[in-house]
Amino acid sequence: MMRYLAWVLALATTASACTKHQLTYEEEIGAWRAEKDRYMRSADSPVPPDTREGFPPLLYFPISEPYRVPAELQVIPAEDVIEMSTSTGLRRRMRRIGTLRFTLQGQPLTLTAFVDASESDMRRLFVPFNDLTNGTETYQGGRYLDLDRTATGIYDLDFNRAYSPFCVFNVNYDCPVPPRENRLKVPVRAGEKLPAS
């Protein structure tokens, strides 16, 4: 978890620097991806130490603004906890925060946003999802998005920032598997792809 938080902090710092220099959207995403590549070769990386130094840059779909859409969060008022399956066969207790409603490729869709049930800090939302690229172009177990809570309930749902779980790079990581409610019936050709074999 600490390694994951280090990566999130590094990306937040990059985003802040990008804002100061008024980068274009494509430049901002490019900087975000470059920072992730640096992180994957760092001491905090999930990549095993013996392969870390030569770890190749991650593969991504081309940046595509139509995959950046506004979403409205419909908050679930009562505490709603589920046990989410993980890549190691364990179960992780996750609290549903609400349903994100958005339109992608002309289709109205929804994704549930979560926080870890043991966390009291609900300022960052976790959105695991599957789509029709899983198993061919992207990791079969799905991908993730992270969102900072907003006061308005409107979110910038940017699939260009979709990333693979760390268990893709190291089987010792215990990664949540997106629940059935977060299986999109469309291909999301944006964000991180399967690593080079």
Side-chain angles (χ1 to χ4, degrees), residues 3-42 44-47 54-73 100-113 124-150 152 154-169 175 178 182-197:
R3 290 180 178 180
Y4 169 75
L5 292 176
W7 174 57
V8 170
L9 180 60
L11 295 182
T13 303
T14 301
S16 176
C18 290
T19 302
K20 289 178 184 173
H21 294 93
Q22 298 300 313
L23 298 182
T24 66
Y25 173 68
E26 288 78 12
E27 290 170 334
E28 182 183 328
I29 295 297
W32 185 84
R33 292 176 175 181
E35 182 57 41
K36 174 109 184 251
D37 281 337
R38 281 190 289 275
Y39 171 78
M40 297 300 278
R41 291 187 291 273
S42 75
D44 293 321
S45 171
V47 176
F55 188 75
L58 295 169
L59 299 179
Y60 294 93
F61 290 99
I63 298 167
S64 176
E65 285 215 50
Y67 282 101
R68 182 188 188 189
V69 296
E72 182 178 5
L73 181 69
L100 290 157
R101 300 186 181 282
F102 59 98
T103 299
L104 187 66
Q105 300 172 8
Q107 295 191 46
L109 300 167
T110 63
L111 286 172
T112 303
R124 195 156 182 84
L125 301 178
F126 174 60
V127 185
F129 71 95
N130 291 106
D131 70 274
L132 297 184
T133 67
N134 295 157
T136 54
E137 298 167 278
T138 61
Y139 175 55
Q140 64 183 3
R143 292 180 289 165
Y144 301 158
L145 287 169
D146 295 307
L147 302 173
D148 290 323
R149 288 295 290 269
T150 69
T152 62
I154 303 299
Y155 289 81
D156 180 14
L157 197 60
D158 191 350
F159 289 98
N160 292 290
R161 295 179 186 267
Y163 64 95
S164 300
F166 284 170
C167 53
V168 171
F169 313 104
C175 301
N182 278 12
R183 295 178 185 171
L184 299 176
K185 297 190 183 327
V186 295
V188 177
R189 291 191 172 92
E192 199 173 314
K193 299 173 74 173
L194 280 169
S197 50

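Treat the numbers as computed from the prediction; the structure is a model and nothing was measured.
Atom CG of L73 sits about 10.0 Å away from atom CZ of R101, to the nearest 0.5 Å. With rounding to the nearest 0.5 angstrom, the CG atom of L111 is 12.0 Å from the CG atom of L125. The structure places OG1 of T138 at 7.5 Å from CZ of F129, a figure rounded to the nearest 0.5 Å. Separation of atoms CH2 (W32) and CD (E35) is listed at 11.0 Å; rounding is to 0.5 Å. Atom CD of Q107 sits about 10.5 Å away from atom NZ of K185, to the nearest 0.5 Å. The distance from atom CG of L100 to atom CZ of F102, rounded to the nearest 0.5 Å, is 7.5 Å.
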Between K193 and T133, does a side-chain contact (heavy atoms from CB on, under 4.5 Å) hold up when you go through it step by step?
-> CA-CA 9 Å; K193 299 173 74 173; T133 67; over 6 Å; no
Can E192 and V168 be said to form a side-chain contact (heavy atoms from CB on, under 4.5 Å), step by step?
-> CA-CA 11 Å; E192 199 173 314; V168 171; 5.8 Å; no
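The environment of E26 atom CD is dense: over 12 non-hydrogen atoms of other residues, nucleotides or ligands sit within 6.0 angstrom. Within 6.0 Å of CD in E65 there are more than 12 heavy atoms belonging to other residues, nucleotides or ligands.
At a cut-off of 3.5 Å, with distance as the only test, no side-chain donor of D44 or S42 sits close to an acceptor on the other residue.
Looking at every heavy atom in both residues, V69 comes nearest to T103 through CG1-O, 3.4 Å. When all heavy atoms of R33 and I63 are compared, the pair lying nearest together is NH1-CG1, 3.6 Å. Contact detail for R161 and L145: the closest heavy-atom pair is C-CD2, 3.8 Å. Residues V127 and L147 approach most closely at CG2-CD1, 4.0 Å, considering heavy atoms. Across all non-hydrogen atoms, the minimal contact from R41 to P57 is NH1-N, 4.4 Å. The two residues P62 and N160 have their closest heavy-atom pair at O-OD1, 4.0 Å.
Taking the side chain as every heavy atom from C-beta outward, F159 and L104 approach each other to under 4.5 Å. Within the 4.5 Å cutoff, the side chain of L132 has no heavy atoms near those of the L184 side chain.
Side-chain atoms of Y155 come within 3.5 Å of backbone atoms of T150 as a donor-acceptor pair (strictly under, hydrogens ignored). Not a single donor-acceptor pair under 3.5 Å links the side chain of D146 to the backbone N or O of F126. With hydrogens and angles ignored, the 3.5 Å screen pairs a side-chain donor or acceptor of N182 with a backbone N or O of T112.
A salt bridge links R189 and E137; the closest N-O separation between the charged side-chain nitrogens and carboxylate oxygens is under 4.0 Å.
Looking at N130, D131, N134 one by one, the single match for side-chain hydrogen bond (donor to acceptor under 3.5 Å, both in side chains) with R143 turns out to be D131.
Residues forming a ring pair (Phe, Tyr, Trp, His ring centres under 6.0 Å) with F55 (at least two apart in sequence, or on another chain): F169.
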